[in-house]
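Quick caveat, the model's predicted, so the values are computed rather than measured. Within every chain, numbering begins at 1; the chains are lettered A, B, ... in the order of the sequence lines, protein sequences first and strands thereafter.
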Amino acid sequence: MNPGTTITVPVTAYDLSATLASGQVFDWEQHGSTWSGVVQGRWVELQVVGDAVVARTAAPQREWTWLTHFLQTGVDLSRIIASFPAGDRHLQEAVRTCRGLRLLRQDPWECLASFILSATKQIVQIRQIVRRLSERYGEPVAAGGDGARRFSFPSAEQIALLTEVELRSCKMGFRAPYLLGAARRVAAGNLDLAALGRLPLPEARAALLQLEGVGRKIADCVLLFAYDFPEAFPVDVWVRRVLRQYYFPNRHVDEAGLQRFIHRHFGPHAGYCQQYLFHHIRVVNGKVAGRTTTHAPNRKPR
DNA sequence: GACCAGGAAACGA
DNA sequence: TCGTTTCATGGT
């Protein structure tokens with residue numbers, strides 16, 4: 001058996017399960033306390049041991065910045081949480097529930113494509129679509145251990161060569177033409193994803209919004225999960241629901257008012273606040289393993 | 001079997 | 001400008 005190589009990355013307060021199961025990424029597998037997935041074409045298995053993340057790859061590695069960048073292990077989480085609005089008891093409750101939850105830094109294309117596929121889909125279904133797409137049209141990746149075959153997420157160039165029918169065979173439905181259109185624009189060089197990171201937030205967002213099938217929510221997911229835009233704040237149905245419930249009980253707020261509140265209230269790391277709120281709701285509703293084990297039905301919180 | 005999902009676009013008033 | 005409908009699919 002090829003032992004590959006391992007590295008131990010010192011980091012405090014890193015909850016791999018919360019992070020990898022919080023709806024940022026969709027193709028990670030848990031077996032016991034370890035998680036495995038593909039980062040930049042490399043299979044990797046992760047485990048938290050004490051105050052460190054231990055990583056094992058199938059192939060020897062010359063350097064590991066591809067992984068530390070993805071995991072954002074250099075980020076001082078306590079400093080970020082200290083920037084959260086102190087008097088916000090809802091957010092503080094979420095911080096207690098989800099301690100160690102982190103934001104990852106994903107590949108922009110994989111992130112954009114994944115969230116184009118996420119529209120009105122449950123996270124379990126997004127996982128299935130992403131998995132099918134990778135298995136059929138991605139590149140096989142040497143994986144360690146369990147003998148399971150893994151595949152990289154297909155590049156924009158790979159997807160741009162496919163047909164809408166082929167994409168629909170991955171069960172993505174009406175999202176197929178959106179994904180195909182985005183892939184073709186990126187592959188043709190009409191949208192430079194690497195350059196977006198050098199723009200101010202509003203301009204980067206505007207560039208993403210030009211894509212068919214990409215609205216404010218999906219654009220903000222990409223800006224937050226794939227770039228250094230910590231104030232991006234994706235508002236999905238669940239987050240909108242709790243924002244109204246927590247901060248505007250029995251009071252009408254339109255979308256613009258909600259956005260103004262978000263910008264004013266949550267501060268420089270609003271995106272982190274959002275991820276804590278989002279994951280907290282999912283834990284409370286039994287969507288994902290957390291400190292409490294509930295089996296709440298699939299209905300909205302009161 | 002109804003309801004809904006990490007939405008967005010097209011449509012109608 | 002704002003509410004409503006449509007889109008495809010499957011988990012619960």
Side-chain angles (χ1 to χ4, degrees), chain A residues 18-28 94 98 101-104 106 110-133 136 163-182 185 205-226 229 232-245 252-259 262 270-290 294-302:
Chain A
T19 301
L20 294 170
S22 65
Q24 303 178 60
V25 288
F26 301 101
D27 203 10
W28 284 77
C98 313
L101 171 63
R102 304 277 184 145
L103 285 178
L104 300 164
Q106 301 177 45
E110 179 170 350
C111 187
L112 171 61
S114 298
F115 280 94
I116 286 175
L117 297 175
S118 77
T120 30
K121 276 291 179 193
Q122 300 183 123
I123 288 178
V124 283
Q125 296 176 320
I126 303 168
R127 283 204 202 98
Q128 294 168 1
I129 297 171
V130 168
R131 174 60 63 96
R132 269 190 291 263
L133 185 63
R136 294 187 187 184
T163 66
E164 186 178 322
V165 171
E166 288 174 308
L167 290 178
R168 281 181 185 261
S169 76
C170 299
K171 306 299 181 184
M172 65 182 70
F174 61 84
R175 303 156 194 84
Y178 297 153
L179 179 62
L180 188 55
R185 280 202 50 190
R205 180 185 285 134
L208 290 170
L209 288 175
Q210 290 192 334
L211 294 168
E212 286 283 303
V214 177
R216 174 66 183 251
K217 189 269 171 182
I218 291 175
D220 278 13
C221 282
V222 177
L223 295 169
L224 182 63
F225 300 146
F229 291 114
F233 193 105
V235 180
D236 76 313
V237 287
W238 289 92
V239 170
R240 178 174 294 109
R241 215 171 271 155
V242 296
L243 287 179
R244 294 208 160 117
Q245 176 191 339
H252 178 75
V253 195
D254 62 16
E255 207 55 35
L258 213 51
Q259 288 295 338
I262 289 165
Y272 248 101
C273 297
Q274 179 277 153
Q275 198 63 17
Y276 272 86
L277 289 173
F278 178 76
H279 192 62
H280 175 60
I281 316 163
R282 282 174 45 81
V283 170
V284 168
N285 283 268
K287 297 289 184 185
V288 67
T294 60
H295 295 282
N298 182 15
R299 70 164 108 84
K300 34 177 145 175
R302 283 184 298 105

> Hey, does the side-chain of A:Q125 have a donor or acceptor N/O within less than 3.5 Å of a partner on the base of B:dG6?
Replying inline: no
> Which of residues 171-180 of chain A have a heavy atom under 4.0 Å from DNA chain C?
Replying inline: A:K171, A:G173, A:F174, A:R175
>> Salt bridge check, A:K217 against A:D236: does any charged N sit closer than 4.0 Å to a carboxylate O?
In response: no
> Does a salt bridge link A:D220 with A:R205, judged by any charged N lying under 4.0 Å from a carboxylate O?
Replying inline: yes
>> Could you measure the distance from the CZ atom of A:R185 to the CG atom of A:L180? Nearest 0.5 Å is fine.
In response: 13.0 Å
> What does A:L211 touch in the nucleic acid at a heavy-atom separation under 4.0 angstrom: a base, only the sugar-phosphate, or nothing?
Replying inline: sugar-phosphate
> Does the pair A:R136 and A:S169 meet the rule for a side-chain hydrogen bond (donor to acceptor under 3.5 Å, both in side chains), with working shown?
Replying inline: CA-CA 10 Å; A:R136 294 187 187 184; A:S169 76; 2.8 Å; yes
> CZ of A:R282 versus P of C:dT12: gap in Å, rounded?
Replying inline: 11 Å
> When the distance from NZ of A:K287 to C1' of B:dA5 is rounded to whole Å, what number comes out?
Replying inline: 8 Å
> Would you say a side-chain N or O of A:R168 is under 4.0 Å from OP1 or OP2 of C:dC7?
Replying inline: no
>> If the cut-off is 4.0 Å, is A:Q128 near the phosphate of C:dT9, judged by side-chain N/O to OP1 or OP2?
In response: no
> Do A:Y272 and A:F233 have their ring centres less than 6.0 Å from each other?
Replying inline: no
> Looking just at side-chain N and O atoms, do A:S22 and A:Q275 make a donor-acceptor pair shorter than 3.5 Å?
Replying inline: yes
> Of all the nucleotides listed (B:dG6, C:dG11, B:dA5), which has the minimum atom distance to the side chain of A:K217?
Replying inline: B:dG6
